[in-house]
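Note: hydrogens, waters and symmetry copies are ignored here, and every other heavy atom, side chains too, is used.
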Amino acid sequence: MATNENLPPNVIKQLAKELKNLDETPPDGIKVVVNDDDFSTIYADIEGPAGTPYENGVFRMKLLLSHDFPQSPPKGYFLTKIFHPNIATNGEICVNTLKKDWNPSLGLRHVLLVVRCLLIEPFPESALNEQAGKMLLENYEEYARHARLYTGIHAVRSKPKVKTGAICVSTTALNVDQRSTESSGKEPLPPTPLCTSSKVPVTNTQDQNASINHMEEPVIGASAIQKKEGLAVKAVQIDKKRIDARKKSLKRL
């Protein structure tokens, strides 16, 4: 089993620095999986770029570092099955950066970014998967259909990014208070108390508070309202406290 003992101390030191940097500030769409006991095998999860047949998929890959790294380039493999001209059926990656264009000064970040860019712009001229390369040149729609099929079957689905509930609640409170302020030109007023008669008069105050009053329960019979008049007054006071609480929350925002 490969360990850090297979790499020179100066290389281990440089790799540890690079891996820490990748963990703290990962490249867009790439997450490196660090194994402190073995730097000779670097794993990474790559998100399929938007607008490509690999979109919404996450692909696991690995870089194998030889004992004379960085003088020799690492070997790259996709562990997740993928339909791509430059990726063989066994997962081997064919890209010039890992072959004739290799330079010992290139870091892991650069290599990983090149691999992700390969998903955006394949090179069918140097295809390891001849079927994918030929299909890409002759019928892109058919190639994209195959690639999407592989992505849907083999790649892990990427998690959608959603807003937190706290942000949504704050935004709702902001919208309610803004509508109330804009309709009257003044600070929002508490809801109008329930009338004690079966006929509810229409007032300017009710128009000004239309955005708040629509949340109140519908008016019921006059006798029932009279019996619960005290409770209605308390409900109005509670609503006023809620509005005051929203104001304080907005000031903190």
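Glu130 meets the salt bridge (charged side-chain N to carboxylate O under 4.0 Å, His left out) test with no other residue; sequence neighbours excluded. Phe78 meets the ring pair (Phe, Tyr, Trp, His ring centres under 6.0 Å) test with no other residue; sequence neighbours excluded. Every residue meeting the ring pair (Phe, Tyr, Trp, His ring centres under 6.0 Å) condition with Tyr140, not counting sequence neighbours, appears here in chain and number order: Tyr143.
Listed for the Glu92 side chain is no donor-acceptor partner under 3.5 Å among the backbone atoms of Ala88. Side-chain N or O atoms of His84 include one that pairs as donor or acceptor with a backbone N or O of Leu118 at under 3.5 Å.
Closest heavy-atom contact between Lys81 and Phe59: O-CE2, 4.3 Å. Across Val115 and Ile46, no two heavy atoms sit closer than the pair CG1-CD1, 3.8 Å.
Note on Arg60 versus Asp45: salt bridge recorded, some NZ/NE/NH1/NH2 to OD/OE distance being below 4.0 Å.
Defined by atom type and a distance below 3.5 Å, a donor-acceptor pair is present between the side-chain atoms of Asp68 and Ser72.
Of the inter-residue distances, the one linking Asn56 atom CG with Arg157 atom CZ reads 5.0 Å to the nearest 0.5 angstrom. Taking CG of Asn103 as the reference point, atom CD of Gln71 lies at 9.5 Å (rounded to 0.5 Å). Atom NZ of Lys20 and atom OG1 of Thr25 lie 11.0 Å apart (nearest 0.5 Å). With values rounded to the nearest 0.5 angstrom, Ile12 atom CD1 is found 7.5 Å from Phe39 atom CZ.
Considering only heavy atoms from C-beta on, Leu119 comes within 4.5 Å of Ile82 through its side chain.
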